[in-house]
Structures are given as structure tokens and as C-alpha cells.
Amino acid sequence: MSDFFSSLNPAQLEAVQSYQGASLIIAGAGSGKTRVLTCRIANMLAHGVPPSAVLALTFTNKAAKEMKERIAGVVGERARYLWMGTFHSIFARILRYEAEKIGFTSSYTIYDTADSRNLLRAIIKELKLDENTYKVNDVHARISMAKNNLITPQAYAGSSSIAYNDAQARKPHMPMIYAAYARRCKSAGAMDFDDLLLFTNILFRDHPDVLQKYSEKFCYLLVDEYQDTNYAQYLIIKKLAARHHNLCVVGDDAQSIYSFRGAKIENILNFQKDFPESRVFKLEQNYRSTQNIVNAANSVIEKNAGQFKKKCFSDGDRGEKVGLLAAFTDQEEGLRVVGDIADRLYGAQAQYSDFAILYRTNSQSRIFEDSLRRKNIPYRIYGGQSFYQRKEIKDLLAYLRLIVNHSDDEAFKRIVNYPRRGIGDTTIARLEALASQSNLSLWDCILSLTPEQAEVRGAAYKKVSQFLLLIGAMSRQAGEQEAYELAYAVAQQSGVIAELRADKTIEGIARLENVEELLNGIKAFCENYKEENGAPPLIAQYLENVTLLTDADKEKPEEVNTVSLMTIHAAKGLEYAYVYVVGLEENLFPGKLSMMSPPEMEEERRLFYVALTRAKVKATLSFAQTRYRWGKPESNPPSRFLKEIDPSCVDLSVIELDADTLSQDPDDYAEGCATSSPPRFVRKAPRQPYGQPPRPAAPPPLPPPPVNSLSPQLAGGMAAGVAVEHKNFGRGVVTNVENLGGDVKVTVNFKLAGKKSLLMKYAKLKIIDN
DNA sequence: CGGCCCCGCGTTTTT
DNA sequence: CGCGGGGCCG
């Protein structure tokens, strides 16, 4: 323990030691925030605070897990009894326990975003509202905002300011939709993500005894990433802290990047007003990055108004300047970034996992994937289409959900006719109308039907009843079997496995493998749970875990040696030696929607700040003059953020070099970036853009080959008898070269690996001189 | 009722 | 461009 403390700087030590009362820890990027939180909790435990009296709320599951592990490293066993997790997972747990008090059962299910949207779509349709006016995503966002601000359907309907706002947006029927949505969630025994926070507030508001119980229990509260809390979360914290006043919040206003989902940066800015007796600690020394990176980041964030005063600094090397890569097209941007990575890799100073490519939007990932694949560089994408969002996974999970909670209508609709049982849309539509009228779930509605009832009878009634019997039988099994056995049996008995087996396509096989992976995942969860809790989990617990855990939470980036690709949002809290922030163009980063809104522009700038500060050794920024969006070329000037960086931290020479190598007309520079400022980085498109003529409307499968640098040459000196080297296969001799329309197939006899046929496009073959 | 095709929309970002 | 939803036809 004392060893632990000796590694802390004075500011950190102070923040660790004064654990009583209210504290605000302003933790700059890379300032050892996790270390401080970890030590602080360890210190509390060392002073006799029981772990079960500590509630630590984090923003991601990953952060919680990491911290728990680190605390366990110091205090061992006892770390298990800490209450540590995300707001959503902690309060889902409390709500499960207290469900009856707010009219739910403890087996309530959690609707994910897709479920919520499906339900809203159905409601909008049922209410016969215009689906173009009432766009599902927009309606959902409005309801979500309302819930985050603790506005119930009743309050929503009663608010004139909301009514005015909705009228402005030409959506006067929002109150009706919200009310119907809430009613349907309730009768389905389901809560959406926002409900977990809303209902926790309702629980605490309406049941003072319950609030008292938990506020007594949690003597010490810690909140990480406080700048990302929304109003609902803020109020929960405030209520829980009211009893003991031992509240420690940690955050960095400069890294607030979630206002789009209701996060209020004011929460951290106003903390001292809320808790006048609080102490403030500032962690300003950055241990992560070089001076150039920290200074560059500082110079950018300075452009934002309303910051906490702090002066982040690095004691490390001055380091390399921030790099810039200019490209004419998005394709070329991919080649250049990956080429740069390859150069550093082969300089042997770095391994794959030292690199990250960060982008603003997920759709940018594809081009980098292509380039990486072609160079045989292993990579991993975080986020994007998650495993748990795949159809086959959602289908199987829907069975489990329905088994646990028969009222889960979204699960019901998803699988009632999968695999095909001859239950069609008409039947379901009728049932839904009926259920909605009588305020029943679909399941209960069917149970209440008589075989003579006009709406659903005869064959349809029989089929639906059979489905109920099938699920009912599985539910009975659920009482006797462990989660894994149950899930396996369900996959079999439901016919899902048979259905997938019948599909012999590549995709079909992949789907079957995914289901297998899911089953393995359930098994692993069960074993892990048993180890921690001594008893097997209920299937409901598994489902909750699945819904609230992103798959980013389940992966340990350090474990795999690959280049990482992710959005900047997903990169928050992570660090890499070499970071490439790509797509730095107006209307992309900063995004188009932020152009008209100064607060949103500031958030984009914070996002850029987050991106830069992920880098330990070198940050490289890239932009393309033209990029394909929705299949159409689009040209935007370089991002204003580039100009905002203190020029002394940026390596501008790269641009000059590029102009020589790339442009046919090196003197052809344009004036002005995004605005009218110095023409520092911009170059007009040359008359003849790089490489082949502009891409045709439907781009060819793969663009010009990336053979060494940007040479358009294909065969590149390949011929029989040439000695070559391959990264994985080692050295060998070329025995044959074939020209296949636009691509070159090379057959190589490797000394160790034997004969291989390689496509020049994909394999990076190096010619050995002797 | 199920399969196929066309159309429209989306790109912020995620618990 | 790629996906999902809705409409149409067999």
C-alpha cells in the first residue's frame, strides 16, 4: 500500500487521502485518474470502510471492470463486495430488487434501442400518424431526452414549452406517442435504457424508505466521468449522497463528448455550487503524451469558452511534432495512413497494437480496412455492428427473453414466426390491436382469447396456441436447467439450429457459428458467475448482462496484437503510442450538424481534444480533399481544427513533400482553409488526380494496388527467379508470375512455408537484392 | 402467407 | 453505397 502511494505526485496523493466529504477531482487527459480512483478506494478500505458501503459509478463497463481488477490487485478478495459498475447496470440491479414497488416484476426485461424503435414504429402506425413526419429515430430521441430530464408522459403532456417545441417541429402528437410507448413498455414488463434511470428516480421519489435504505448503505459515492452525466443521473447521485455527503466526482470538462445523449457539462461546472463545502483537486500533469501532443491539444481546447481553469503539461520528451497527411481522395488517405503505419512497423520500433486509427463516424472504417488487409496488417474494429445486434443472435436471445418474461412483446413478435410457423402479419396485427385495446401483452391477450373469437380463430388460433405451448414448455425447463443447458436446448427445440443448418451459404454457416459463439459466451458467463457468487445465475441475469454490455466492454484490447480501428467516442479512456485521427474535413469533423450551433461546435472541439490526447508518442492527422459519401463524391476543405493547433507543434514539412510526390503541379496551392486563414495545408486538386481517373460511379472492387508507396506499377519487378521476402512466410523464390486482369498472381517457393500462390494486391512481397 | 424487389433513408457519437 | 421496410405478386 505504501509502495502504492509513493508513486503518486503531490496532487494525486492529496486527492487520494482526503476521502471524506465532497470532492471534485478535475483530471486532465492522461493524468493518472484511474490510479487516483483506485488508490482512493484502496485507501478507504485500508481505513476500515467496508467495501459494500462503497458505490462507484463509471461510464463504461470496461472502466468498472478495470478498476475492480486493479483494486483487487491491492486489497485482494474484498474488492468483490464493492458496488462498482455503470449507472445502468447498478440501477438495473437495484430496480430488479425493488421492481414490485414501481409496478414491475423482478423479471422485467430491458429493451435495447432496436426494440424501442420497433415498438415506436408500431405505435406510430397504429395511431395512423404520418411516418414521414414522425420519424422513428427522431421520436425516439425526443422521448429519450424527456426521460433523461425526468419528464414523465403526464408531465410531457402538461408542459406548454414542450408542446410549443413539438409544434415547431410539426409533431403535435408527441405526447400521445410517448404515453402509448410508456404504456406498452409497462404491459410488456420492459424498460428501455432511459427507463432504468427514470424509474430509479421515481422509485426514490415515491418510496422514501427505499431511498433511505440505499443512501444509508452507500456511505461513499464515487462517480467517474462526471462531465458525462445527465440530469437523471445527477439527481440520483444527489439523492444518494444527501445522507453522508461523501461524494467524490472525477472528470474533465474538456472531455465532455456526450451531450447528444443528454449529458450536461454543467453538472461538473456547477459541482462547487451544489456542494459548497467541497474540495477541488486538479490533476494537471500528463503522464501519457509527449509535450508536443499535450501542447497541441491545449492550444486547440483553448478556443472553447467556459472551461475549468487548468494548465495541463507534460514532463516527458518534447517528442515528434504532430504529423499531417494530405490526400486527394479518401482512398488515398487510407493508403497513406496505412503506409505510414507500415513504415513504422518495419522500422521495428513498434508492434501492431501500438497503432490506432480514429474516425468521427463508423462508416469511415471500411477504406482503412481495405488498405490494412492489402498489406496483411492485422486489425480489429471496435464498435460498429455489434455481435449482439446480429439477427441470429437477437433471435435466440428473444427466445430466452420470452421464456423469462412472457409479456416481452418485442421478443414475441421477433420469434413468433421464426422459424416459419405460418403465423403471418395479419394475425399479429390483429392480436396487437386487441392487446393494445385491453392493455394486455400479446401473450396474455392470446390466453384471453376464446377459440370462437372473430379476430383470431381457426388455423391461426391453433398455430399461435402451439407457439405458446412451446415457449411454456421451455419456461418449465428454465426452472430446472442452468442457463447454458437451457440456451442450448432452446436453440435446438425452437428449430433455430435446424433452420441455420439448412442454409449452406457462407453467411449461413457464419450465422450458425455465431450462435455457437453465443452459447459458448453463455457458458463462460455462467462459469464466471458461479466462481464469483457460488451459485449459477438466473437466465434473466445473463440477459441483463448482455443488454447492458457493449461488446467493446468484453474485449481486452491489450490482449490482441492488432491495429485498432474505432470512433473517437469509443477511444475515450484508451491510449496508443501512435494515433491517426482521420477525416479532418469540414462537415465531417467538425460534423455538418455542428456548423450552426456553437455549443455543438465546442463539443466537436472537445472530441478532437480527446482524439489527440489518446496518443503517447505521435499523433498524425489526415484529411482528404474528396471523399465518397453515400456513393457520391463530396469535397470539403480541411478541418478548421487543423488551423487551431499551435503551428509550432505541427510538422508542416510533410505537406511540402507530399506536394512533390503527389501533385503533378506542385505549385498549385489554394488559398484558405475552412475560412480565410493562412493557406497552410491546402492544395487544389491537380488537373489529373492521383492514380487512375476518378472513380466510376460503382467503384471497382479494389482500387489501384498499394505496392510500395503509391506507384501505379503492378508487377513491380516481379519475375521468375526473383528472391522475395514475405512477412509471414519468410524468404523464397518466385517460380511463376501470372497477369490476371488487373491483378498479378505470383507463385513463390518459400524456404520454410513451401509453395504458395499470392496475389500482389494483398501480399506485401519485398524483393531481396541478392 | 412468403418471397422478391424497389425505394428511401442515413452518418454522428452509445448505455 | 448498404440496409431495412413496405408493397406487390405468385
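Reckoned from all heavy atoms, side chains included, excluding hydrogens, waters and symmetry mates. Letters go in sequence order (proteins before strands), and every chain restarts at 1.
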Between C1' of C/dC1 and NZ of A/Lys632, the distance in whole Å
10 Å
If only side-chain N and O atoms of A/Asn132 are considered, is one of them under 4.0 Å from the OP1 or OP2 phosphate oxygen of B/dG8?
no
Minimum-distance nucleotide (side-chain atoms of A/Arg420 versus B/dG3, B/dG10, B/dT14)
B/dG3
Distance, nearest 0.5 Å, that separates CD1 of A/Ile357 from OG of A/Ser564:
9.5 Å
Under 4.0 Å, counting only non-hydrogen atoms across every strand here, what does A/Asp194 touch: a base, just sugar-phosphate, or nothing?
nothing
In a check of side-chain hydrogen bond (donor to acceptor under 3.5 Å, both in side chains) between A/Lys147 and each of A/Asp194, A/Asn230, A/Asp195, A/Asn201, which one passes?
A/Asp195
Side-chain N,O (A/Thr426) to OP1/OP2 (B/dC1) below 4.0 Å:
yes
Can you tell me if the side-chain N/O atoms of A/Thr427 get under 4.0 Å from OP1 or OP2 in B/dC1?
yes
Can you see if the side chain of A/Thr567 gets near the phosphate of B/dT14 - specifically, an N or O under 4.0 Å from OP1 or OP2?
yes
Which nucleotide in B/dT11, C/dG5, B/dG3 has an atom nearest any side-chain atom of A/Asn118:
C/dG5
Roughly, in whole Å, what's the span from NE2 in A/His140 to C1' in B/dT14?
11 Å
Whole angstrom is fine here: how far is it from CZ in A/Arg627 over to C1' in C/dC1?
15 Å
Could you tell me whether the phosphate oxygens of B/dG10, OP1 or OP2, come under 4.0 Å of any side-chain nitrogen or oxygen in A/Asn137?
no
Please name all residues satisfying ring pair (Phe, Tyr, Trp, His ring centres under 6.0 Å) with A/Tyr108, sequence neighbours left out, ordered by chain then number.
none
So, A/Arg121 versus A/Asn118: side-chain donor-acceptor pair below 3.5 Å or not?
yes
Under a plain distance cut-off of 3.5 Å, with no hydrogens placed, do A/Glu544 and A/Thr547 share a side-chain donor-acceptor pair?
no
Which residue lies more 5' along DNA chain B, comparing A/Gly591 with A/Arg421 via nearest heavy atoms:
A/Arg421
Is there a residue in residues 120-131 of chain A whose heavy atoms reach under 4.0 Å of DNA chain C, and which residues are they?
A/Arg121, A/Lys125, A/Glu131
A/Ile381 CD1 to B/dT13 P, in whole Å, measures 13 Å
Have a look at A/Ile257 and say if it touches a base, only the backbone sugar-phosphate, or nothing, with a 4.0 Å heavy-atom cut-off.
nothing
What is the nucleic acid contact for A/Phe87, judged by heavy atoms within less than 4.0 Å: base, sugar-phosphate only, or nothing?
nothing
Considering only side-chain heavy atoms of A/Ser363, which listed nucleotide, B/dT15, B/dT11, B/dT13, is closest?
B/dT11
Kindly assign one of parallel, tilted or perpendicular to the pair A/Phe204 and A/Tyr214, based on the angle between their ring planes and the thresholds 30° and 60°.
tilted
Aro-ring/base stack A/Tyr258-B/dT13, d under 5.5 Å, angle under 30°:
no
With the side chain defined as heavy atoms from C-beta on, A/His88 is closest, among B/dG2, B/dT15, B/dG10, to B/dT15
Separation of A/Ile568 atom CD1 from B/dT14 atom P, in whole Å?
11 Å
Is there a donor in the side chain of A/Thr626 and an acceptor in the side chain of A/Thr329, or the other way round, less than 3.5 Å apart?
no
Phosphate OP1/OP2 of C/dC1: any A/Arg366 side-chain N/O under 4.0 Å:
no
Where each residue is assigned the nucleotide of DNA chain B containing its nearest heavy atom, which of A/Thr113 and A/Leu588 is assigned the position nearer the 5′ end?
A/Leu588
Distance check needed: B/dT13 C1' versus A/Lys572 NZ, whole Å only.
11 Å
I need the CZ-C1' distance between A/Arg414 and C/dG5, as an integer number of Å.
14 Å
Who are the side chain to side chain donor-acceptor pair (under 3.5 Å) partners of A/Ser116, not counting sequence neighbours?
A/Tyr181
Between C1' of B/dT13 and CG of A/Leu574, the distance in whole Å
15 Å
Taking atom types as modelled and ignoring hydrogens, do the side chains of A/Glu225 and A/Gln227 form a donor-acceptor contact shorter than 3.5 angstrom?
yes
Of the listed nucleotides (B/dT11, B/dG10, B/dT14), which one gets closest to any side-chain atom of A/Lys135?
B/dG10
